[in-house]
There are 2 protein chains.
Amino acid sequence: MLKVGRLADYGILILHHLGRVRPARLSMDTLAELTHVPLPTVRKLMRLLAEADLVVSKRGPLGGYELARSPQQISLADAITAIEGRPALTACASDRGHCELAGHCELAGRWPGVNALILQVLERTSLQDLGAGGSLHVPPPLLREPLCPEPPGRK
Amino acid sequence: MLKVGRLADYGILILHHLGRVRPARLSMDTLAELTHVPLPTVRKLMRLLAEADLVVSKRGPLGGYELARSPQQISLADAITAIEGRPALTACASDRGHCELAGHCELAGRWPGVNALILQVLERTSLQDLGAGGSLHVPPPLLREPLCPEPPGRK
DNA sequence: CTAATCGATACCGAGTTGGTATTCAATACA
DNA sequence: TGTATTGAATACCAACTCGGTATCGATTAG
Ligand code: SF4
Ligand code: SF4
């Protein structure tokens, strides 16, 4: 658990490849071959990525997909959210999906905090950061100041 | 996805309660009633938590569970790892569980980095931090220096 | 007009997860 | 010594989610 699901994993891999050839275009067929991801799965993925405006599609011969923005401007959070929805560690940290224990649970108001924390990590790590050969450092300003997305929280 | 599974969620909730009454002991029965988690589920959880030495058990009348260390010394990573294994965003970031694409995948050596990142967040957030009413700030030294758990990685 | 390519929908099998039941072992206390 | 209380261990199961497949329709370069 606390994994990201193969779809998202594959999706990010695809985005990575699209980034490497930018601004060229790649067809689903090529992508499947390039990434060794089964073609039908690529289909499903590209639809999601296109809906989230991370890639732009072109139909017909010479068509294919192109990265919508620069690899630096696409975060892992963007990709993951596009494919499997906004990350939410617990039910009470999610928009949809209610927890029946929420009423009695003393932690119900506390989880969104940590959730936001890991969200930030994902948001501040770009495709570029992931793909580059160098050491992957996250911008310093991360988490310096106390971070409390929830007001006093005592409902 | 990118959620933590109810078991782990419940487990942490239980640990939280154990922390609040420390150094007192609580029986499974009491815990179930206190947290509204179904008793059989509590059973399964306590075994895992005990195996990981996060709690110590005492049998017989007046028996029950007691937190092994102080709430400050138990991290979310500890709890999650005890219940659902070490968090691993992708297959290639996990000890066990191989990815058949690992051979061709350009990102295979890069994921452990981000994985370590979120791991750190979880490690540096203690039960105390989660339960306390204040704003939850993570210790500053997080992520300051470049972090690259993988050597050049070019196999 | 035709071939290449994306778009949408519907479906499915397998694995995982969360939850349950039952039986045995240890210990405080009378 | 005996008994009630509590944890330990095992086996089991139903439901859901996930990853993957198949099929057909829409668009566009040449
Ligand atoms: S309310 Fe409590 S139990 Fe329900 S999801 Fe949030 S933390 Fe977990
Ligand atoms: S190897 Fe590539 S595809 Fe396999 S898990 Fe790691 S990143 Fe995902």
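For the numbers below, each heavy atom of this structure counts, side chains included, while hydrogens, waters and symmetry mates do not. Letters A, B, ... mirror the listed sequences (proteins, then strands); counts begin at 1.
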Among dA28(C), dC6(C), dT20(C), the one nearest any side-chain atom of Ser27(A) is dC6(C)

Residues two or more places apart in sequence or in another chain: which of them pass salt bridge (charged side-chain N to carboxylate O under 4.0 Å, His left out) with Glu66(A)?
Arg25(A)

Summary of ring pair (Phe, Tyr, Trp, His ring centres under 6.0 Å) pairs that have at least one residue in residues 52-94 of chain B, sequence neighbours excluded
none

Pairs involving residues 66-92 of chain B, ordered by first then second residue, that meet ring pair (Phe, Tyr, Trp, His ring centres under 6.0 Å) (sequence neighbours left out):
none

Mind running side-chain contact (heavy atoms from CB on, under 4.5 Å) on Leu76(B) and Val114(A) for me, showing each step along the way?
CA-CA 10 Å; Leu76(B) 293 187; Val114(A) 275; 3.9 Å; yes

Kindly determine whether Met46(A) and Val55(A) satisfy side-chain contact (heavy atoms from CB on, under 4.5 Å), including the steps that lead there.
CA-CA 8 Å; Met46(A) 297 323 284; Val55(A) 299; 4.3 Å; yes

Taking [atom1] from [X] and [atom2] from [N], how many angstroms apart are they, rounded to a whole number?
X: Lys3(A); N: dT16(C); atom1: NZ; atom2: P; value: 9 Å
X: Leu39(B); N: dT22(C); atom1: CG; atom2: P; value: 14 Å
X: Tyr10(B); N: dG18(C); atom1: OH; atom2: P; value: 9 Å
X: Leu48(B); N: dG18(C); atom1: CG; atom2: C1'; value: 13 Å
X: Ile14(B); N: dG19(C); atom1: CD1; atom2: C1'; value: 14 Å

Does Pro40(A) reach a base, just sugar-phosphate, or nothing at all? Heavy atoms under 4.0 Å.
base

Going by heavy atoms in the side chains, are Arg110(B) and His16(A) under 4.5 Å from each other?
no

Identify the 5'-most and 3'-most nucleotides of DNA chain D with at least one atom closer than 4.0 Å to a non-hydrogen atom of chain A.
dG19(D) to dG30(D)

Test side-chain hydrogen bond (donor to acceptor under 3.5 Å, both in side chains) on Ser70(A) and Gln72(A) and set out the steps.
CA-CA 5 Å; Ser70(A) 122; Gln72(A) 289 119 357; 2.8 Å; yes

Verdict with reasoning, Leu18(B) to Leu31(B), per side-chain contact (heavy atoms from CB on, under 4.5 Å):
CA-CA 9 Å; Leu18(B) 284 178; Leu31(B) 279 170; 4.3 Å; yes

Does a side-chain N-to-carboxylate-O contact under 4.0 Å join Asp29(B) and Arg43(B)?
no

Result for 5'-nearest mapping on DNA chain C, choosing between Leu62(B) and Glu100(A), is Glu100(A)

Polar-atom pairs under 3.5 Å, protein N or O versus N or O of nucleotides 7-12 of chain C: list them with distances, or write none.
residue	atom	partner	partner atom	Å
dG7(C)	OP1	Ser57(A)	OG	2.6
dG7(C)	OP2	Tyr65(A)	OH	2.1
dG7(C)	O4'	Arg59(A)	NH1	3.2

Go through the steps to decide whether Leu39(B) and Met28(B) satisfy the test side-chain contact (heavy atoms from CB on, under 4.5 Å), and finish with yes or no.
CA-CA 7 Å; Leu39(B) 176 62; Met28(B) 284 178 167; 4.1 Å; yes

Over the length of the helix from dC1(C)-dG30(D) to dA30(C)-dT1(D), how much do the five-pair end axes diverge, rounded to 10 degrees?
20°

Quick check for you: to the nearest 0.5 Å, what is the distance between Ile14(A) atom CD1 and Ile83(A) atom CD1?
8.0 Å

